[in-house]
Amino acid sequence: MMELAKRLYPISRSLTGAGVRETLAVLSEFIPLEIHEVQTGTEVLDWTIPREWNISDAWIKDPTGAKIVDLADLNLHVVGYSTPVHLELALADLLPHLHTVPEIPNAVPYRTTYYDENWGFCITHERLETLIDGVYEVYIDSSLTNGSLTYGEFFHPGDSDEEVLLSSHVCHPSLADDNVSGMVVAAAVGQRVSQMSDNRLGVRILFAPGTIGAITWLSRNRDRVDKIKGGMTLVCLGDDQPFTYKRTVFGDRSIDRAAALVLGKDTANDLIDFHPYGYDERQYNSPGFRLPIGSLMRSQHGQFREYHTSLDNLDFIDGAQLAASVDAVEHIVTTMDQNRLYRNLAPYGEPQLGRRGLYQAVGRAAAPQSLSYAMLWILNLSDGDHDLIDIALRSGIGFDRQVEAASALEQNGLLVEVGER
Ligand code: ZN
């Protein structure tokens with residue numbers, strides 16, 4: 001996974017352009033992706049696909065002719081979507097176009113000017129403070145042309161027409177946790193779910209530029225979105241922090257409860273409520289769509305020192321953390337997939353399990369994690385209001401054991417599957 005992260009990290013990604021295409025081409029080596037191109041000027045919901053931005057060279061030379069900043073060293077040095085420029089100007093006129101992080105003097109910030117025509121450079125504050133008076137030469141060889149916005153889509157079908165949606169943004173240049181980590185984890189999850197066979201839910205993974213990419217996908221799939229049972233944006237999943245799951249706007253959909261079940265075992269993990277800021281869960285949870293999409297993170301959006309700076313580099317993420325993130329996502333998805341809502345067909349008193357060969361703990365107390373005990377929980381709570389995730393959360397009995405117990409009860413005619421709660 002770190003090898004893939006190393007390949008993706010240096011690519012000059014933005015909302016549109018060659019960097020996004022190259023990124024999707026690399027990901028396509030690992031999972032099958034359907035690539036979509038949507039032309040500049042296309043209206044998508046309340047937005048319009050912007051012109052395509054590409055960049056090949058950019059630098060600033062100081063009054064002595066020395067390059068003080070060069071795109072070739074780090075793609076964060078140029079403000080994303082900068083217009084082409086080639087001019088000479090005094091330091092005082094250059095300064096408004098230079099961005100730094102004064103509180104982290106050795107970090108280069110990440111800045112964009114997507115929807116406002118401008119240009120700029122990002123440098124360390126340390127470097128800014130050494131700049132001498134005089135005339136500077138500024139060069140940005142970029143292009144803003146009619147082209148297209150690119151996104152990629154993976155889909156592994158299930159037995160039903162319902163599906164889980166996982167979403168990763170692909171628009172950030174050299175930033176490792178936000179969000180090379182999300183792309184790498186999503187690709188690995190795609191490989192894992194490709195091996196699933198008896199899954200009821202399909203799994204869709206969207207690799208799209210932030211905000212406008214999700215909006216474009218939603219605008220082109222309006223007739224299909226009611227098939228999405230839940231999902232997550234995958235962001236900041238390679239750092240050394242425990243997990244944070246941000247709930248959907250509903251707060252109690254199967255994705256929310258599956259995440260609580262999987263992540264709640266470790267008290268270091270955090271479950272937080274929805275708020276309309278952060279990543280593309282904002283678009284999915286908007287009132288016109290109301291898709292139950294949460295967000296899985298380690299460090300939270302905007303809440304860590306390295307966020308949107310050159311310090312969010314490959315040293316900030318770790319292969320073991322990425323791998324544990326893949327396990328967590330897979331576990332949450334399979335829990336959603338295996339979740340069922342049953343009704344107890346013998347609800348008056350307990351049915352006689354022993355007569356059916358279902359009660360093993362004859363003459364002694366059922367062990368807390370035993371199959372028999374799981375059956376008693378399922379029979380008690382299968383009143384049409386509690387699904388298997390609810391029962392696992394309340395009983396503390398593992399979800400796999402619940403699935404096994406429910407299957408035995410169903411085979412003995414004691415349970416029937418009903419719709420959703
Ligand atoms: Zn970001």
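One-based numbering, in listed order, for ligands and for the atoms of each.
- A donor-acceptor contact closer than 3.5 angstrom links the side chains of S395 and Q402.
- Of the residues R200, K227, R224, the one that meets the salt bridge (charged side-chain N to carboxylate O under 4.0 Å, His left out) test with D161 is K227.
- Taking the centre and axis of the six-membered ring of Y136, the NZ or CZ atom of K61 falls outside the cone set by 45° and 6.0 Å.
- Listed by chain and number, the protein atoms of type N/O/S under 2.8 Å from the Zn ion (ligand 1) are H172 NE2, D178 OD2, H308 NE2; waters are omitted.
- Side-chain atoms of S167 and D280 include no donor-acceptor pair closer than 3.5 Å.
- A donor-acceptor pair shorter than 3.5 Å can be found between the side chains of H308 and D178.
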Name each donor-acceptor pair under 3.5 Å that joins a side chain in residues 83-97 to protein atoms two or more places apart or in another chain, with its distance.
residue : atom : partner : partner atom : Å
T83     : OG1  : N118    : O            : 3.4
H86     : NE2  : E137    : OE2          : 2.8
H97     : ND1  : W119    : O            : 2.8

